[in-house]
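When a residue number appears, it is its place in the shown sequence, counting from 1.
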Amino acid sequence: MFELMFCSLLTILPDYLYRRYAQGKRFGKEITFFSVWYELRWGITGCLMLTVSLITMIFYFHPSTTSAALYFRTVPILPEGSGRVAEVKVDFSAPVKQGDVLFTLDSSRQKAAVETATRKVAEVDASLLAAQSDVVKAEAQIQDAKANYQQAKDELDTKSDLQRRNPGIVPQRDIEKLQVLVDQRQAGVDAATAAKQTASLQVTTLIPAQKASAEAALAQAQVDLDKTTVRAGVDGRVEQFLVRPGDVVNQLMRPAGVLIPEGAGRKALQAGFGQIEAQVMKEGMVAEATCMSKPWVIIPMVITTVQDYIAAGQFRSGEQLIDPQNIARPGTILVFLEPLYKGGLDGVTAGSSCIVNAYTSNHEEISAKDTGTFRKIALHVVDGVGLVHALLLRIQALLLPIKTLVLSGH
C-alpha cells in the first residue's frame, strides 16, 4: 500500500493536477469515474509498473524473512552403560553445574569388580615381596655354595700338590673323589645363581607386568563404576527430567531428560532467506529483527555467516536414485546474525520466532572514484528504498502483539 501511494505521487497525481489546473477540467464535470481511465490511463499504467518495480527492488536488495529463530543446542541425558536407576539427584527442572550428579545406577556388580581387582593388586604386591625374599634367599644360597665349592677346591689343590711332590702319598682314588666333589659344588653354585636370576626376573619383569595388568583391570573396573554415576557435562539447566528410581535406562532408549547449556540461544540468531536473494546476502550486512518474545523492540544485528549450502539439496547414498521433483519445497539460504551491540538479545527467549530484515549497503561503491554518476544515483535509490522496508518492519513489530493476542482468536 505504501509503495502504491508513493508511486501515485509520481504518476497519477501529477497527471491529475495537470488536467485539473492546466487544462481547466473539473472532477465531476469533464473528469468523471467513466473518464478517469481514459484521461489518466498513462498515469495509472505508469503507477502500476513503478509500484511493481519498487516492490521488486525493495524485497530483492533488502530481503525480509519470517523464518528466523534463536536456535539452541541441547544435550540428551543418557548413561554410557545400562542398568537400573538407584537414585535421582535433581528435580524435573533444575539448574546444574558441570560435574553435578544427575542420577546413579545400581553399581553392585561394578563395586564387586573393583573389589576383586583391588585384591588382585594386593595379591601381586604380596607376590613381589615373596619374590624379593626369594632373591635374598638365593643370594645366601650362592654364598653357601661358593663357600662349599671353595672348601672342596682348596682340599683338592692341597692333596694334588702333595701327590705331585710325593707320588703315592695320597691315593689317586681320593683325588678323584675330591674332583667329583668340586664339580658337584660348582654345580651347586650354578644352580643357586640360576635360582637368583629366576627370582630377580620375577622381581624386575614378571611381577611388575602382572601388577600392571592388575592395575589396568582395576582402572577399567573403576571406569565401569564411574559410568554408573551420570553427571552434567556442562553448566546449564535440566528440563523434562522424568527418570525415577527403579527405571531401567540404556543408550537405545529415550533420553532421561534434556540438558540445555548455559547461554544457549543467546549469541546468534539463524534466519532463512529465499534462494533468489543468494547473490545479495553478504557477511557484514546490517540487519534488524523483532521477536515475538520481546515485542515492540527492534534489535540491530549484523550478518556474520552465510551458509554456502541449501539444506533441501542434501541426500544420503542409498539403493535408489534421487529425483529432484520429489523435493517438496525449496530450501532457504541460512544466515547467522549476531547483535550489533552487546546485550542486544537480552530478554529474548531462546527458541523465539523472529522477523528479520537485511539491508544492502553500497556506500563503498558510491564513494569510489571510478563509479559513474548514473550508477551512483541508482545505488543511492537502492539504499534509500531500504527505509521503506525498515518502516514496514516497525509496523509489523507494532502490530505483532495485536495480531497474536486479538486477531488470532485468543
Side-chain angles (χ1 to χ4, degrees), residues 65-82 85 88-105 226-227 229-243 247 249-273 281 283-285 287-295 297 299-316 329 331-356 358:
T65 181
T66 57
S67 302
L70 283 170
Y71 293 101
F72 56 92
R73 182 176 66 94
T74 61
V75 181
I77 301 174
L78 283 172
E80 295 187 38
S82 61
V85 178
V88 178
K89 299 291 187 179
V90 296
D91 296 329
F92 177 83
S93 175
V96 294
K97 295 294 184 180
Q98 183 178 5
D100 288 352
V101 178
L102 303 180
F103 67 94
T104 60
L105 302 177
D226 294 339
K227 287 181 179 180
T229 301
V230 180
R231 301 177 182 273
V234 295
D235 295 345
R237 187 175 187 86
V238 171
E239 297 291 348
Q240 300 179 3
F241 190 68
L242 301 175
V243 68
D247 292 346
V249 295
N250 57 54
Q251 293 182 337
L252 300 180
M253 298 176 63
R254 61 175 177 81
V258 175
L259 175 60
I260 302 175
E262 185 177 355
R266 300 291 189 272
K267 296 181 179 180
L269 185 147
Q270 295 84 42
F273 290 88
M281 305 307 302
E283 294 183 5
M285 286 182 65
E288 292 181 325
T290 180
C291 297
M292 189 172 294
S293 61
K294 193 177 182 180
V297 175
I299 305 172
M301 309 200 75
V302 61
I303 295 177
T304 56
T305 304
V306 179
Q307 187 169 279
D308 294 335
Y309 306 95
I310 298 176
Q314 66 181 349
F315 70 94
R316 293 181 180 180
R329 53 190 299 183
T332 58
I333 303 296
L334 179 64
V335 301
F336 293 80
L337 305 98
E338 294 185 5
L340 197 58
Y341 304 105
K342 184 177 181 180
L345 292 176
D346 292 347
V348 180
T349 305
S352 176
S353 297
C354 302
I355 302 174
V356 176

Heavy-atom pair with the smallest gap, counting every atom of [X] and [Y]:
| X | Y | value |
| --- | --- | --- |
| Ala69 | Leu269 | O-CG, 3.8 Å |
| Leu337 | Ala287 | CD2-CB, 3.5 Å |
| Ala358 | Ile303 | CB-CD1, 4.2 Å |
| Ile299 | Gly344 | CG2-O, 3.6 Å |
| Ala271 | Val356 | CB-CG2, 4.3 Å |
| Arg231 | Val101 | NH1-CG2, 3.2 Å |

So do [Y] and [X] actually touch side chain to side chain, heavy atoms under 4.5 Å?
| X | Y | value |
| --- | --- | --- |
| Ile260 | Phe72 | yes |
| Gln240 | Phe92 | yes |
| Thr290 | Val297 | no |
| Val249 | Val85 | yes |
| Val96 | Asp235 | no |
| Glu283 | Val306 | yes |
| Tyr341 | Pro300 | yes |
| Val258 | Val238 | no |

Residues which pass side chain to side chain donor-acceptor pair (under 3.5 Å) with [X], listed by chain and number, not counting sequence neighbours:
| X | value |
| --- | --- |
| Asp247 | none |
| Glu288 | Tyr359, Arg394 |
| Ser352 | Ser293 |

### Task
Show the numbers, then the answer: is there a side chain to side chain contact (heavy atoms under 4.5 Å, CB included) between Leu334 and Phe273?
CA-CA 7 Å; Leu334 179 64; Phe273 290 88; over 6 Å; no

Atom [atom1] in [X], atom [atom2] in [Y]: separation rounded to 0.5 Å?
| X | Y | atom1 | atom2 | result |
| --- | --- | --- | --- | --- |
| Met292 | Ile355 | CE | CD1 | 7.0 Å |
| Gln307 | Gln270 | CD | CD | 10.0 Å |
| Leu70 | Cys291 | CG | SG | 5.5 Å |

### Query
So which pairs with a foot in residues 65-77 pass side-chain hydrogen bond (donor to acceptor under 3.5 Å, both in side chains), sequence neighbours left out?
none

### Message
So, using salt bridge (charged side-chain N to carboxylate O under 4.0 Å, His left out) as the criterion, who are the partners of Lys294 when residues are at least two apart?
### Response
none

### Query
Considering residues at least two apart in sequence or located in another chain, which fulfil the salt bridge (charged side-chain N to carboxylate O under 4.0 Å, His left out) criterion with Glu239?
Arg237

### Message
With a sphere of 6.0 Å drawn around NZ of Lys89, does it hold more than 12 non-hydrogen atoms of other residues, nucleotides or ligands?
### Response
no

### Derivation and outcome, side chain to side chain contact (heavy atoms under 4.5 Å, CB included), residues Phe103 and Val90
CA-CA 7 Å; Phe103 67 94; Val90 296; over 6 Å; no

